[in-house]
Amino acid sequence: MKKLLVLLGPTGVGKTDLSVSLAEYWGCPIISADSRQLYKGLPIGTAAPSGDYLSRVSHHFIGTLNLSDYYSASEFESDALQLVSNLHQKHDILLVTGGSMLYIDALCNGIDQVPTIDEGLRKSLYELFEEEGLDRIRSQLKMLDPVFYDQVDLKNHKRVIHALEVCLMSGKPYSSFRTNKVKERPFEIIKVGLMRNRDQLYQRINRRVDAMIAEGLLDEAKSVYPLRTYNSLNTVGYKELFNYFDGEWILDFAVEKIKQNSRIYSRKQMTWFKRDERIFWINLSETTEEEAKQQIINRMLPLPG
RNA sequence: GGUUCCUUGGCCGAGUGGCUAGGCACCGGUCUGCAAAACCGUCUACGGCGGUUCGAAUCCGCCAGGAACCU
């Protein structure tokens, strides 16, 4: 059976370097599972692989979308599955790397199919939410899908609104789309998680942000500023600088916030990944990159017998 | 040297005699179509000492630290 290695971990842990090294070893391409590196125009702030890396190893899903494009974990699931199936014709091993938790789950376990929401409907529900609060949305959801109403986090407007959107769009309760089943994949998935001791991870994140600033993150953010309202730019590293451009924050504060929000993000990622017992963890604070690489290579060898 | 004012949890910040403000961070967690998003939980402070009072972050005194003005 063909294999898919998923190399995951928190932001700043060192996924990119190791993934390129592994891809060169196997001679395979890299499939990125990163919800922001997907977009064009954000190479610095999203720490996308450098031009050097891109020329050494073929990468997919890096800088392929316009900032105004709509995209979601579900789109990623189908795009990635399609791609994997094509690439597996030539490669026994494929490498997925990234830290977008939901995207990785969508690829590995699948995401339930729900109808795509009409833009006008979504807009009108958000207007209702802004004008009258969440109560109206909640009570509508309670009528249309009492089952899900009892399960949702009623304070999380995104979840509540989305459930209602689906109900209105499809004429069926949102909960009827939720199968709670893990989809079978026609390939073997091996998950390897990279982690570091927290102090070290935080230090790397802080330094990386300084490096981004030195590389010209300000100019990059300035160039995409006009598109700031798109979801693609509701992103750490940009939203803080937009506050600076607006004169609300001074630069030093914005930079500190980028560091802080990156650290918070890394923690969220770890919280998510920790629940997945299928992940084989490597602590890069205690393992050299070379050892880690070797461990992963061994792990990908066919089991004896 | 004198006068006036200030001192609240890691940070910001309300509260003038009894009802654990709040926000942010930290730490922990949730997560099935915008996920680097959105949301939840926890952390019970009042500069120090003494006094008044049944009861003080809130009133009084002294001390310490800080700010402004006067000489």
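Letters A, B, ... mirror the listed sequences (proteins, then strands); counts begin at 1. Quantities reported herein were computed from a predicted structural model and do not represent experimental measurements.
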Tell me what [X] touches on the nucleic acid: a base, only sugar-phosphate, or nothing, going by heavy atoms under 4.0 Å.
| X | result |
| --- | --- |
| A/Asp34 | base |
| A/Lys257 | sugar-phosphate |
| A/Asp112 | base |
| A/Gly45 | base |
| A/Asn180 | base |
| A/Ser100 | sugar-phosphate |
| A/Arg36 | base |
| A/Thr46 | base |
| A/Gln260 | sugar-phosphate |
| A/Ile117 | nothing |
| A/Tyr238 | nothing |

Short side-chain N/O contact to [N] OP1/OP2 from [X], under 4.0 Å:
| X | N | value |
| --- | --- | --- |
| A/Tyr202 | B/A25 | no |
| A/Arg198 | B/G28 | yes |
| A/Lys239 | B/A37 | yes |
| A/Tyr174 | B/U32 | no |
| A/Arg159 | B/A35 | no |
| A/Tyr103 | B/A35 | yes |
| A/Arg122 | B/C34 | no |
| A/Lys274 | B/G29 | yes |

Between [X] ([atom1]) and [N] ([atom2]), how many Å, whole number?
| X | N | atom1 | atom2 | result |
| --- | --- | --- | --- | --- |
| A/Leu38 | B/C34 | CG | P | 14 Å |
| A/Tyr265 | B/A38 | OH | C1' | 14 Å |
| A/Phe76 | B/A37 | CZ | P | 18 Å |
| A/Lys155 | B/A37 | NZ | P | 21 Å |
| A/His157 | B/A38 | NE2 | P | 7 Å |
| A/Arg267 | B/G41 | CZ | P | 17 Å |
| A/Asp150 | B/U30 | CG | C1' | 17 Å |
| A/Asn156 | B/U32 | CG | P | 9 Å |

Span that lies between the [atom1] atom of [M] and that of [N], in whole angstrom:
| N | M | atom1 | result |
| --- | --- | --- | --- |
| B/G47 | B/A56 | C1' | 16 Å |
| B/C59 | B/U52 | C1' | 8 Å |
| B/A45 | B/G10 | C1' | 12 Å |
| B/G29 | B/G18 | P | 40 Å |
| B/A25 | B/A64 | P | 39 Å |
| B/A67 | B/U8 | P | 15 Å |
| B/C60 | B/G23 | P | 32 Å |
| B/C43 | B/U53 | P | 35 Å |

- Is A/Asn261 reaching over with its side chain to a backbone N or O of A/Val236, donor-acceptor style, under 3.5 angstrom?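 Not confirmed, A/Asn261 side chain does not pair with A/Val236 backbone.
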With a 4.0 Å cut-off on N to O distance, would you call [X] and [Y] a salt bridge?
| X | Y | value |
| --- | --- | --- |
| A/Asp210 | A/Arg207 | no |
| A/Asp34 | A/Lys15 | no |
| A/Glu77 | A/Arg185 | yes |
| A/Glu119 | A/Arg122 | no |

Quick check on the hydrophobic clustering: are [X] and [Y] connected, directly or via other members, by side-chain heavy-atom contacts under 4.5 Å?
| X | Y | value |
| --- | --- | --- |
| A/Val114 | A/Leu81 | no |
| A/Leu54 | A/Val96 | no |
| A/Val166 | A/Met143 | no |

- Task: Whenever both distances are under 3.5 Å in a Watson-Crick or G-U wobble pair, mark it; put RNA chain B into dot-bracket that way, with [ ] for crossing pairs and | when the partner is on another strand.
- Result: ((((((((.[[[..)..(...]]]..((((.......)))).....[[[[[..)....]]]]]))))))).
- Query: Does the B/G33 base have a donor-acceptor partner in the side chain of A/Gln113 within less than 3.5 Å?
  - Reply: yes
- Query: Is any side-chain N or O of A/Thr116 under 3.5 Å from a base N or O of B/G33, one able to act as donor and the other as acceptor?
  - Reply: yes
What's the closest nucleotide to the side chain of [X] if the choices are [options]?
| X | options | value |
| --- | --- | --- |
| A/Lys158 | B/C39, B/C34, B/U32 | B/C34 |
| A/Tyr126 | B/C34, B/U32, B/C39 | B/C34 |
| A/Ile264 | B/U32, B/C34, B/C26 | B/C26 |

- Message: With nearest nucleotide decided by heavy atoms, which residue, A/Arg263 or A/Trp272, maps closer to the 5′ end of RNA chain B?
- Response: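 Looking at RNA chain B, the more 5' nearest nucleotide goes with A/Arg263.
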- Item | Upstream residue (5' side of RNA chain B) when A/Gln269 and A/Val114 are each assigned their closest nucleotide |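 It is A/Val114 whose nearest nucleotide is closer to the 5' end.
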- Message: If you compare all heavy atoms of A/Gln37 against all heavy atoms of A/Ala47, which two are closest, and at what distance to 0.1 Å?
- Response: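 Looks like NE2-O, 3.2 Å.
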- Measure from NZ or CZ of A/Arg299 to the centre of the six-membered ring of A/Phe280, then state whether that distance is under 6.0 Å and the direction lies within 45° of the axis.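 Flagged: A/Arg299 positioned over aromatic ring of A/Phe280.
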- Message: Just checking A/Tyr71 against A/Tyr39, ring centres under 6.0 Å apart?
- Response: no
